[in-house]
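Written out below as structure tokens is the structure these notes cover.
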There are 2 protein chains.
Amino acid sequence: MTAVLVIDDDPYLLRALRITLQAHGYAVSTAADGRSSLLAARQNAPAVVILDLGLPDMDGTSVIRELRSWSEVPILVLSARHGSEDKVQALDAGADDYITKPFGLDELLARLRALLRRSIDPEQSPVITADAFTVDLGKRTVQRDGQEVRLTPTEWHMLEVLVRNPEKLVTQQQLLSEVWGPAYAKETNYLRVYMAQLRRKLEPDSANPRHLITEAGIGYRFRP
Amino acid sequence: MTAVLVIDDDPYLLRALRITLQAHGYAVSTAADGRSSLLAARQNAPAVVILDLGLPDMDGTSVIRELRSWSEVPILVLSARHGSEDKVQALDAGADDYITKPFGLDELLARLRALLRRSIDPEQSPVITADAFTVDLGKRTVQRDGQEVRLTPTEWHMLEVLVRNPEKLVTQQQLLSEVWGPAYAKETNYLRVYMAQLRRKLEPDSANPRHLITEAGIGYRFRP
DNA sequence: GCCCATCTTGACGAATCCTTGACGCCGATG
DNA sequence: CATCGGCGTCAAGGATTCGTCAAGATGGGC
């Protein structure tokens, strides 16, 4: 099921969107201000974000920029402001689409479909195999010996970053800022703890990892 | 230069778009009806298509569908019709965005940028080959005889400096200050130790190096 | 309010990497 | 022919980083 994060400070509109989206088969999570929305985006890793500009605590374009600094999730902006300037600002900050209020719900849904079509399609085969385990990026699941492995959100997020860059070295800073945020660049402890978790769950011999390789002093690498 | 195909049967709008787009650095080709536009799309392989609905010979959604049947190029639709139905139809047919007339040119340009941002695929990293080994600067890997060679951070850093300046002489001071910092200009010991390491790992005959050449008294040189 | 899963934090031996110094080789020089 | 400086080699130690574990802290669901 496709996960959508709706960010809006108007409880009525929020409720209407939640009901409509759920009726069309989306899994909906919500946030009412900029700060909590960034947190929610990190934890839920939604497939698409619907963002109402004019939040109480943060500038709209700031939210977009923060999101973009670590995520490529498609962003659809809602706004009451029709001016060209606002649109250009939001789009150039990293938004993918911009609808002005009032809008038709069917138009919103159609634009949502258009965005999702783009973001899922280019993933040729969202399934990555590493002979010991299989990662399905679309379904957000991992299998090992035909058995599904349960990962915590953070474990998954970290695995996803590595798996999306096969063979490529991902630096500790990249991982930390992707998963925990740019402010955590010094907490390399987290990496060690979670890498151990991942290896225990995924590697046949976690003492001699074959797919989740550490490059001492630099970062980690996923080898299919 | 980014190639844009503009499809519009209104010669004035067409001219305005051409001039604006060219002024912003795009290469513009045009078509005035459905049939010729499909031909143009095949021949020019544009990076993005701007399509005005309401062409004389074909239905707008038909053009989109035809295009989509063989191309994934982003499509931005212009239309005079504000109805939800038209938008939904176009978007579900495969369009990526939909603007209604009249529209601001800067909004059009911003939406164009948003579409193009999505479609640039992750470029493959530059690979440097030296017939005995290959260096992938993007993945940060070195291969020799198809086998991956593991380098320590310092080894890699030093190799990187040399490989980024093929055939060029890199002085000892340049190497030292790049890898260890400007304060280490006297520690030519390091260079000897690490150059030996690199040659042992990479050169077929480390006693007679063919790619990592010493220029006595001056520095080192990488020869592909 | 309690329980459970998850995340954070700190400490420890183990593994890896960097530094340092000694030694021999070679060509240049006097 | 003897000396000297620059280079390659090697290995030991010390410094840094990594893997591992387990005990709190946190937060959501009931």
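In the text below, chain A, chain B and the rest are named by the order of the sequence lines, each starting its count at 1.
Spacing between atom CG of Leu176(A) and atom P of dT8(C) amounts to 11 Å, rounded to whole angstrom units. What separates NZ of Lys201(B) from P of dT9(D) is a distance of 14 Å, to the nearest Å. Residue Leu212(B) contributes atom CG, which lies 15 Å from atom C1' of dC7(D) at whole-angstrom precision. Protein atom CG of Leu202(B) is 15 Å distant from nucleotide atom P of dG8(D), rounded to whole Å. Whole-Å rounding puts the Lys186(B) NZ to dT19(C) P distance at 18 Å. Following rounding to the nearest Å, Glu187(B) (CD) and dG21(C) (C1') show an atom-to-atom distance of 12 Å. Distance, Ile213(A) CD1 to dT17(D) P: 21 Å, rounded to whole Å. Here the P atom of nucleotide dC18(C) and the CG atom of Leu151(B) are 10 Å apart, to the nearest Å.
Residue contacts for Arg150(A): at a heavy-atom cut-off of 4.0 Å it reaches the sugar-phosphate backbone alone, with no base atom in range. Gln197(B) comes within contact range of no nucleotide atom at all, as no heavy-atom separation falls under 4.0 Å. Among the atoms of the strands shown, none is found under 4.0 Å from any heavy atom of Tyr184(A). Heavy atoms of Gln172(A) sit under 4.0 angstrom from primed sugar atoms or phosphate atoms, though from no base atom. Note on Thr214(B): only backbone sugar-phosphate atoms sit closer than 4.0 angstrom, heavy atoms only; bases stay farther off.
The Asn189(A) side chain lies nearest to dA11(C) when the options are dC17(C), dT6(C), dA11(C). Of the candidate nucleotides dT20(C), dC7(C), dC18(C), dC18(C) has the atom lying nearest to any side-chain atom of Thr154(B). Of the candidate nucleotides dC17(C), dC7(D), dT20(D), dC17(C) has the atom nearest to the side chain of Ala216(A).
Between dT20(C) and Arg192(B), no contact under 4.0 Å exists linking OP1 or OP2 to a side-chain N or O. Thr152(A) has no side-chain polar atom (N or O) that falls below the 4.0 Å cut-off from OP1 or OP2 of dT6(C). Within the structure, a side-chain polar atom (N or O) of Tyr190(A) is placed less than 4.0 Å from OP1 or OP2 of dT9(C). Distances shorter than 4.0 Å separate some side-chain N or O of Trp180(B) from OP1 or OP2 on dT19(C). The side chain of Tyr220(A) contributes an N or O atom lying less than 4.0 Å from OP1 or OP2 of dG19(D).
Proximity of the aromatic rings of Trp180(A) and Tyr194(A) is defined here by a centroid distance below 6.0 angstrom, and this criterion is met.
Between Arg150(B) and Glu215(A), at least one side-chain nitrogen of the basic residue sits less than 4.0 Å from a carboxylate oxygen of the acidic one, meeting the salt-bridge criterion. Salt bridge annotation for Glu155(A)-Lys201(A): present, with a cationic side-chain nitrogen under 4.0 angstrom from a carboxylate oxygen.
Residue Arg81(B) places its CZ atom among 12 or fewer non-hydrogen atoms of other residues, nucleotides or ligands, all under 6.0 Å distant. Other residues, nucleotides and ligands contribute more than 12 heavy atoms inside 6.0 Å of the CD atom of Glu167(B). Taking a 6.0 Å sphere around CZ of Arg117(B), one finds it holds more than 12 heavy atoms contributed by other residues, nucleotides or ligands.
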